[in-house]
Amino acid sequence: MVVVMKKKFGQFFMELCCSYTFVSVIGAVVNMIGGTETNNVNVIMMFVFCTIACIVLNLHKLFDYFSPLFMIVVQYVIATILVFGTAYMFGLISEEPLTRKNWYELFRSFTIPYFIGAGIYYYGIYAEAKVQSHMIKEIQMADEKGKSAG
């Protein structure tokens, strides 16, 4: 049990690191193209949002009995609520209220990378399931050949 938890945590940590690196590099490129700079608060918020997205995407096992579209929508809603809740709490702590434009930018900045990341994540799951399905068919065919030969 402990080994499985360590493996799951290691996998989650790797996904988090990769997604944060990807988002940070894309953000740096966009800032370079736009001629803008980022600040430490933005960097921390990107990490928090990447963590939320990774946690929510790893909850896909809870939705195995539902359609993939339903699963994606529910996970997105959960992630969005957590992101907006985090931003709201940050606004209270920093004593700077978030403006309407801030909320729009937050929504856009979270939604676009989320769906790109979710697409990559679910494509990986689909590809893995396809490989496993192919392996099962090969095993069944080999088993049938073994039975007919014996």
Side-chain angles (χ1 to χ4, degrees), residues 1-34 36 38-91 98 101-150:
M1 180 76 166
V2 173
V3 173
V4 172
M5 291 301 292
K6 284 183 179 179
K7 185 178 178 183
K8 288 283 187 187
F9 180 75
Q11 181 182 0
F12 171 77
F13 188 70
M14 183 65 77
E15 290 171 2
L16 176 61
C17 290
C18 289
S19 64
Y20 177 69
T21 301
F22 181 73
V23 168
S24 295
V25 169
I26 295 294
V29 169
V30 168
N31 285 336
M32 287 170 47
I33 291 170
T36 59
T38 188
N39 60 32
N40 293 333
V41 173
N42 288 345
V43 172
I44 291 171
M45 293 306 280
M46 282 192 302
F47 180 74
V48 170
F49 296 158
C50 284
T51 303
I52 289 170
C54 287
I55 289 170
V56 170
L57 285 174
N58 277 299
L59 296 177
H60 70 86
K61 295 282 186 199
L62 299 176
F63 300 101
D64 280 348
Y65 300 107
F66 299 99
S67 74
L69 180 61
F70 176 79
M71 177 173 43
I72 290 170
V73 169
V74 168
Q75 286 179 312
Y76 174 72
V77 168
I78 291 169
T80 304
I81 289 169
L82 291 173
V83 164
F84 279 81
T86 303
Y88 180 75
M89 284 191 285
F90 179 77
L98 296 173
K101 183 177 181 187
N102 294 135
W103 286 108
Y104 170 75
E105 289 294 324
L106 174 64
F107 177 76
R108 187 177 61 111
S109 297
F110 177 75
T111 299
I112 293 169
Y114 182 86
F115 277 109
I116 291 170
I120 293 168
Y121 182 81
Y122 284 112
Y123 177 76
I125 290 174
Y126 170 76
E128 184 179 323
K130 194 172 180 180
V131 167
Q132 289 175 355
S133 175
H134 181 68
M135 289 172 56
I136 289 171
K137 286 179 184 177
E138 285 181 356
I139 291 169
Q140 288 173 340
M141 287 174 58
D143 190 42
E144 288 175 9
K145 285 181 184 179
K147 286 181 182 179
S148 65

- Item | Given K137, M135, K130, the one that forms side-chain contact (heavy atoms from CB on, under 4.5 Å) with S133 | K137
- Task: Could you pull out all residues at least two apart from I78 that satisfy side-chain contact (heavy atoms from CB on, under 4.5 Å)?
- Result: V56, F63, V74, L82
- Task: Sequence neighbours left out, what pairs pass side chain to side chain donor-acceptor pair (under 3.5 Å) with at least one residue falling in residues 77-91?
- Result: none
- Here the gap from R108 atom CZ to E105 atom CD, rounded to the nearest 0.5 Å, amounts to 4.0 Å
- Message: Once rounded to the nearest 0.5 Å, what's the spacing between atom CE of M89 and atom CZ of F84?
- Response: 13.5 Å
- Message: For F47, is there any backbone N or O sitting under 3.5 Å from a side-chain donor or acceptor partner on T51?
- Response: yes
- Going through the checks in order, is the side chain to side chain contact (heavy atoms under 4.5 Å, CB included) test met by F49 and L106? CA-CA 10 Å; F49 296 158; L106 174 64; 3.2 Å; yes
- Query: Do F115 and Y76 have their ring centres less than 6.0 Å from each other?
  - Reply: yes
